[in-house]
Number of protein chains: 2
Amino acid sequence: MKITPMTQSLVLHFGEMGSRWGLNRTLGQMYAVIVLTEAPLNADQISEALQISRSNVSMGLKELKSWNLIKLHHIPGDRKEYFSAPSDIWEIARTLVVERRKRELDPTLSTLRDALMEQPSNESDEYAQMRVQQMHDLMEMVTLWTNEMQGMSSEKLSALLKLGEGISKILDVKDKLLLR
Amino acid sequence: MKITPMTQSLVLHFGEMGSRWGLNRTLGQMYAVIVLTEAPLNADQISEALQISRSNVSMGLKELKSWNLIKLHHIPGDRKEYFSAPSDIWEIARTLVVERRKRELDPTLSTLRDALMEQPSNESDEYAQMRVQQMHDLMEMVTLWTNEMQGMSSEKLSALLKLGEGISKILDVKDKLLLR
DNA sequence: TACAATTTTCACAAATTACTGAAAATTCAG
DNA sequence: CTGAATTTTCAGTAATTTGTGAAAATTGTA
């Protein structure tokens, strides 16, 4: 599959960014080409577009699947598998946030809980445990939020984000509001 | 500096996590030991606690500085520099979010803008540009939010996060609220 | 069931990233 | 200003991560 210069430069950029996003270069490039192309693509097309080996594409697709970032299609009369990204960009964002939480927060939360169960052996352990408690509480709140986010429609999510600076005002009058 | 078994296991965990957090293993470990220790530490203490070379600590501290994650102290009569983490965990979280945005979102936002300036050369470019526009709008909203967050007091941030599932309800009545 | 098409796995190679010790640079007390 | 204490830099090496081709496994059709 040929790729236009515009797509090409976006793909390269998302490759660079991939590594900063907890994915990696190739994964970033692969997802870029999938997101930017309307028609679902098969592995060979991706391999050709990015000039990477077929086996690398296979491994990348496996990982994108584990992130729930791609949809699988079958074309009648064609044995190949075709892949596309959700057409709703909010769905992609929601998935990314939730999956990153799974990878970045959940394991830590569980380690923090373990540490809190232990008996502090001296003063410095006591201080450490206090900090662990703070981190734990904060991360738990973030987890609640991402769960909430997971169940939100794209419209609602968009409305929430559009609040932007309005969020402070809303917080100020929240109590008043919830009383009625 | 000696390290208790509890701190030791937390340090190891944050090392593992460091890589998923856009830092790296050593940076994660270094920050863990700084966060979990009440007294400010000097480079030699960190080097000893983590069993890594002094030069590695120096590079790590440089990076932690660039993330604005550590505070610098001077102890009278001692030429060494001492480092600590903010005592307010919310401040740490706020900094992390803002710094990650700088590294993960800002460069992409600028690339997306560039792509939007280009003249689409054919239909597939038109589709790509449409997606780029969507991504751009979403990321811009996130940027607004993180800016908002940067200016929020820890108390307010905590209140916002505690809303948790309440956020949906608030959204539902937002318009009513803002009218009065 | 047989077999061609397709996908996945995996051992090794290539590329990237992280770590070290030695040397250079900086800092500051006297 | 001197020189000891301290920090930083950097070239080389070590460790980790990523990519490949060949072979194995799976899939689906005739």
Side-chain angles (χ1 to χ4, degrees), chain A residues 1 11-34 40-67 70-84 103-104, chain B residues 1 11-34 40-67 70-84 103-104:
Chain A
M1 199 189 70
V11 159
L12 289 180
H13 177 81
F14 279 95
E16 295 301 317
M17 282 302 118
S19 19
R20 305 198 176 179
W21 269 85
L23 312 168
N24 68 40
R25 187 159 40 82
T26 309
L27 228 54
Q29 294 187 352
M30 283 182 57
Y31 202 55
V33 77
I34 291 173
L41 300 175
N42 66 43
D44 287 319
Q45 292 175 306
I46 298 171
S47 164
E48 192 197 343
L50 303 179
Q51 309 269 51
I52 60 179
S53 74
R54 187 44 245 273
S55 55
N56 200 358
V57 172
S58 177
M59 294 188 297
L61 287 171
K62 185 178 169 186
E63 187 140 6
L64 288 178
K65 280 176 207 160
S66 84
W67 278 77
I70 47 178
K71 289 182 180 316
L72 182 57
H73 301 258
H74 282 287
I75 295 188
D78 188 339
R79 281 177 61 177
K80 291 201 175 76
E81 294 193 306
Y82 287 78
F83 301 91
S84 71
R103 291 164 171 78
E104 297 178 357
Chain B
M1 200 189 68
V11 160
L12 289 180
H13 176 81
F14 279 96
E16 295 300 317
M17 281 303 117
S19 20
R20 306 200 176 179
W21 270 85
L23 312 169
N24 68 39
R25 186 159 42 82
T26 308
L27 229 54
Q29 293 187 353
M30 284 181 56
Y31 203 54
V33 79
I34 292 173
L41 300 174
N42 66 42
D44 287 319
Q45 293 175 306
I46 298 171
S47 164
E48 192 197 343
L50 303 179
Q51 309 268 52
I52 60 181
S53 74
R54 185 46 244 271
S55 54
N56 200 359
V57 172
S58 177
M59 293 189 297
L61 286 171
K62 186 179 170 188
E63 187 140 7
L64 287 177
K65 281 175 206 159
S66 85
W67 278 77
I70 47 178
K71 290 183 179 317
L72 181 56
H73 301 258
H74 282 287
I75 295 187
D78 188 339
R79 278 179 62 179
K80 290 203 174 77
E81 295 194 306
Y82 288 78
F83 302 90
S84 70
R103 290 164 171 78
E104 296 178 358

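Numbered from 1 within each chain, the chains take letters A, B, ... in sequence-line order. Side chains are part of it too, since the values below use all heavy atoms of this structure and drop only hydrogens, waters and symmetry mates.
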Could you pick out which residue, Arg79(B) or Leu27(B), lies toward the 5' side of DNA chain C when each is mapped onto its nearest nucleotide? Leu27(B)
Could you state the atom-to-atom distance from CZ of Phe83(A) to C1' of dT8(C) in whole Å? 12 Å
Without swapping roles, check the side chain of Arg20(A) against the backbone of Arg103(B) for a donor-acceptor pair under 3.5 Å. yes
Could you tell me whether the phosphate oxygens of dT18(D), OP1 or OP2, come under 4.0 Å of any side-chain nitrogen or oxygen in Arg25(A)? no
Roughly how far, to the nearest 0.5 Å, is the CD1 atom of Ile46(A) from the OH atom of Tyr82(A)? 11.0 Å
Between dT13(D) atom C1' and Met59(B) atom CE, what is the distance in whole Å? 13 Å
Please classify the nucleic acid contact of Leu61(A) as base, sugar-phosphate, or nothing, using heavy-atom distances under 4.0 Å. nothing
Quick one, Phe83(A) and Leu64(A) - any side-chain contact, counting heavy atoms below 4.5 Å? no
Taking CG from Asn56(A) and P from dG21(D), how many angstroms apart are they, rounded to a whole number? 10 Å
Lys62(B) side chain, from C-beta outward: closest of dT9(C), dT9(D), dT20(C): dT9(D)
Without decimals, in angstroms, what is the distance between His73(A) NE2 and dT7(C) P? 15 Å
Should Val33(A) and Met1(A) be marked as a side-chain contact (heavy atoms from CB on, under 4.5 Å) after you check the CA-CA gap, both sets of side-chain angles, and the distance that decides it? CA-CA 11 Å; Val33(A) 77; Met1(A) 199 189 70; 4.1 Å; yes
Under 4.0 Å between a side-chain N or O of Lys65(A) and OP1 or OP2 of dT7(C)? no
Keeping Ser19(B) on the side-chain end and Asn24(B) on the backbone end, is there a donor-acceptor pair under 3.5 Å? no
Check the distance between dG28(D)'s P and Lys80(A)'s NZ and give it to me in whole angstrom. 14 Å
Got Glu63(A) and Tyr31(A) here, is their nearest side-chain heavy-atom distance under 4.5 Å? no
In whole angstrom, what separates Ile52(B)'s CD1 from dT17(C)'s C1'? 15 Å
Does dT7(C) have OP1 or OP2 under 4.0 Å away from a side-chain N or O of Ser55(A)? no
Of all the nucleotides listed (dT7(C), dT6(D), dT7(D)), which has the minimum atom distance to the side chain of Asp78(B)? dT6(D)
Is the closest side-chain heavy-atom distance between Leu61(A) and Met30(A) below 4.5 Å? yes
Rounded to whole angstroms, how far apart are NE2 on His74(B) and P on dT7(D)? 10 Å
Side-chain N or O of Arg54(B) closer than 4.0 Å to phosphate OP1/OP2 of dT20(C): no
Using atom types as modelled and distance alone, determine if a side-chain donor or acceptor of Gln45(B) lies under 3.5 Å from a backbone N or O of Asn42(B). yes
The correct set of residues in residues 11-22 of chain B placing a heavy atom under 4.0 Å from DNA chain C is none
DNA chain C contacts made by residues 43-51 of chain A, counting heavy atoms under 4.0 Å: none
Give Asn24(A) one of three labels, base, sugar-phosphate or nothing, depending on what nucleic acid heavy atoms sit under 4.0 Å from its own. sugar-phosphate
Close side-chain approach of His74(B) to Glu81(B), heavy-atom, < 4.5 Å: yes
When the distance from CG of Asn42(A) to P of dA5(C) is rounded to whole Å, what number comes out? 15 Å
Taking atom CZ of Arg25(B) as the centre, does the number of heavy atoms from other residues, nucleotides or ligands within less than 6.0 Å exceed 12? no
